Each structure stands twice: as structure tokens, then as C-alpha cells.
Amino acid sequence: FILSFILFIISLFILLYSAIWHIDSIKMLLSLISLFLFYFFPKIFKLSGFFRRIMYELILTEKPDASKRIADALADGKPIKENASGVPYYKITRGKKDIVIACAVGHLYGLSEKVKRGWAFPVFDIEWKPVSEISKKSAFSKKYLNAIKKLCKGANEFTIATDYDVEGEVIGLNVVRYACGQKDAARMKFSTLTKPDLTEAYEKKASHLDWGQANAGETRHKLDFYNG
């Protein structure tokens, strides 16, 4: 963009200069070529990846320990440990792909009334909210949610690697749709945190969440809320 903008300014200068001093057609032609480059340079560089922002796959785990185990299992070399909002996450390379592994701390979202109206029972007008906003005991989870939100901005692929059960599916679903603004994500399915299991789970990951488990889990949470 910067290069094409500079070319555009140069082209305008040449055109004005040519018009004022009646310069020959060769310089006019050069200015037209510059304008042509101004139009096509962004497209050329976009296709070549020159100006393309480096994106990565974001893998989301249920617990901090799981993120480290997955990073160790999938990395071609040694994982790079960094932090966002005071929360550790891992950057790895696998093949030609850049991957970031981040973690939750269990449920980051919980059900709550949309509008508080004092004590009332039953309440059906509910929605998912960050648990840090629902309970003071869960205030610690806010930094984990903020870290995930930050890391989501640089991702172009999303993979859920929470526990493969109903609760894990709900945790992953809520993070994907509310923190990352996505409707779906790929799904790793594993029963142990050993390298062979994690590697196989990644290589054979499903292209979608397990919507059966996700819907069942969400329904159970809502029924629990309705029944107090």
C-alpha cells in the first residue's frame, strides 16, 4: 500500500508537470504506467503474500497444562512460551504452519439473567455472559478471556482442544462464538495427553464442533438454571 501510494503521488506530479510544461508523450506514457502500477501493485503483492498479515491457527484448550502438552506434542522444534494479559500461551511451527496454543480455565462463560429484576423465580430471559461478570469468585478468569480475545484477532483458523465430553464442548463452543466471533471450529478429539494421542487427534481433527454434545451441554445448563 505504501509503495503504491508513493507511485500514485509521483504519477500525479508527472501529469501536472507534463501538463504545465507540455512535455512530450513519452513522459506522459511513463505517468500512465505509474498509474497502472498503482492500481495493480496492491493486488500483485496481496497474491504474493508480500503485504499479507501473518496469520496462524489458534488451538484452544480447557486448562493451562493441556496447552503446554499440546504445544510440546505438535511442535517441530521447541515451543516458544509467551504471555498475553499475564496468561501464558505457546507459539509453535508444524510443517509450514504457524500455530498458537492458548488456554481457558474451565468455563469462561455462564448463564445469567439478561436484566436483573431482583429476586424472581423462575427466570427464562437468560444469556451467556463471562463468568467474571457473574461471580466475584471467578474474577481470575477475566485475564484468560482477555488473552483469548487478543489472540483470536490474529487467527484465521480455529481448533477446539478441550476435553472431549459435554462440558468440554460447551466450553469450546462459548469461547469460539463469543470470544472469537466464529460460528464453528475444527475439533481435536483425544482421551489422553500423550504425544501419540495428541498428534493423531490433530492430524485427524474434525472440521466441525461436535454439535450433538454442544447442544446437549447447552440444554443441560439452561435446565439447571431454570430449576435453580
Side-chain angles (χ1 to χ4, degrees), residues 52-109 128 130-132 140-215 217-218:
R52 185 178 59 196
R53 183 182 178 185
I54 297 175
M55 305 295 280
Y56 50 78
E57 177 182 4
L58 180 62
I59 297 178
L60 297 163
T61 72
E62 188 168 329
K63 307 175 186 75
D65 180 60
S67 64
K68 183 180 185 305
R69 296 281 194 93
I70 290 174
D72 289 336
L74 300 183
D76 286 341
K78 185 177 180 180
I80 299 172
K81 184 179 180 181
E82 298 192 1
N83 79 82
S85 304
V87 174
Y89 67 92
Y90 299 88
K91 296 170 69 175
I92 67 170
T93 299
R94 183 174 179 82
K96 296 182 179 180
K97 178 179 284 189
D98 292 321
I99 303 174
V100 170
I101 301 100
C103 66
V105 276
H107 285 281
L108 296 180
Y109 290 87
W128 291 99
V131 291
S132 58
F140 72 95
S141 68
K142 184 176 181 179
K143 65 180 182 179
Y144 288 87
L145 181 56
N146 288 340
I148 290 173
K149 286 181 177 180
K150 181 179 179 180
L151 294 171
C152 283
K153 294 177 182 179
N156 61 349
E157 292 182 56
F158 299 86
T159 297
I160 295 302
T162 52
D163 294 350
Y164 188 52
D165 54 28
V166 170
E167 291 304 309
E169 212 69 38
V170 174
I171 291 169
L173 170 63
N174 283 334
V175 169
V176 163
R177 62 183 175 184
Y178 296 125
C180 301
Q182 303 294 311
K183 294 182 179 180
D184 202 351
R187 184 60 158 108
M188 287 175 61
K189 303 175 183 180
F190 50 88
S191 56
T192 71
L193 290 173
T194 61
K195 184 171 182 176
D197 274 10
L198 293 173
T199 301
E200 183 178 7
Y202 181 79
E203 295 296 338
K204 297 181 179 180
K205 62 184 175 181
S207 57
H208 302 283
L209 293 171
D210 188 324
W211 285 101
Q213 287 199 140
N215 292 331
E218 191 168 25

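The model shown is predicted, which means the values in this text are computed figures rather than measured ones.
Using a 4.0 Å cut-off between charged side-chain N and carboxylate O, E157 and K97 make a salt bridge. E218 and R177 are joined by a salt bridge, as a carboxylate oxygen and a charged side-chain nitrogen come within less than 4.0 angstrom of each other.
Note that the CG atom of D197 and the CZ atom of R69 stand 11.5 Å from one another [nearest 0.5 Å]. Taken to the nearest 0.5 Å, the CG atom of N156 stands 8.5 Å off from the CD atom of E57. Atom-to-atom distance recorded for F158:CZ and L151:CG is 10.0 Å, nearest 0.5 angstrom. Distance check, rounded to the nearest 0.5 Å: OH of Y164 to CD of Q213 gives 4.5 Å. Interatomic distance, CG of L198 versus CD1 of I70, reported as 5.5 Å (0.5 Å rounding). To the nearest 0.5 Å, atoms CG (D76) and CD1 (I99) are separated by 8.5 Å.
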Inset, instruction - Verify side chain to side chain contact (heavy atoms under 4.5 Å, CB included) between D163 and K63, making sure each step is shown before the conclusion. - result: CA-CA 9 Å; D163 294 350; K63 307 175 186 75; 2.9 Å; yes
Inset, instruction - Quick one: do L209 and I160 satisfy side chain to side chain contact (heavy atoms under 4.5 Å, CB included)? Show the steps, please. - result: CA-CA 8 Å; L209 293 171; I160 295 302; 3.6 Å; yes
Inset, instruction - Please step through side chain to side chain contact (heavy atoms under 4.5 Å, CB included) for the pair L193 and D65, ending with a clear verdict. - result: CA-CA 10 Å; L193 290 173; D65 180 60; 4.2 Å; yes
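In terms of heavy-atom proximity, Y89 sits nearest to A102 at CB-CA, 4.2 Å. The heavy-atom pair separating C103 from I148 by the smallest distance is O-CD1, 3.6 Å. Residue M188 comes nearest to A161 through the heavy atom pair SD-CB, 3.9 Å, listed as atom of the first residue, atom of the second, then distance. A104 approaches L108 most closely through the heavy-atom pair CB-CD1, 3.7 Å. Taking both residues in full, the closest heavy atoms of A71 and P79 are given as O-CG, 3.6 Å, listed atom of the first, atom of the second, then distance. The two atoms that bring I171 and G106 nearest to each other are CG2-O, 3.5 Å, heavy atoms only.
Side-chain contact between D184 and W211: present, with at least one pair of heavy atoms (C-beta onward) separated by less than 4.5 Å. The shortest side-chain heavy-atom distance between V170 and Y109 does not fall under the 4.5 Å cut-off. Between H107 and E167, the closest side-chain pair of non-hydrogen atoms falls below 4.5 Å. At a threshold of 4.5 Å between non-hydrogen side-chain atoms, the residues T61 and I101 count as touching.
T162 contributes a side-chain N or O that, together with a main-chain N or O of G168, makes up a donor-acceptor pair within less than 3.5 Å. Remark: the backbone N or O of D210 is paired with a side-chain donor or acceptor of E169 at under 3.5 angstrom. With hydrogens and angles ignored, the 3.5 Å screen pairs a side-chain donor or acceptor of S67 with a backbone N or O of P64. Although no hydrogens or angles enter the test, the distance criterion places a donor-acceptor pair under 3.5 Å between the side chain of R94 and the main chain of L74.
Other residues, nucleotides and ligands contribute at most 12 non-hydrogen atoms within 6.0 Å of the NZ atom of K91. Heavy atoms from other residues, nucleotides or ligands lying under 6.0 Å from NZ of K142 number 12 at most.
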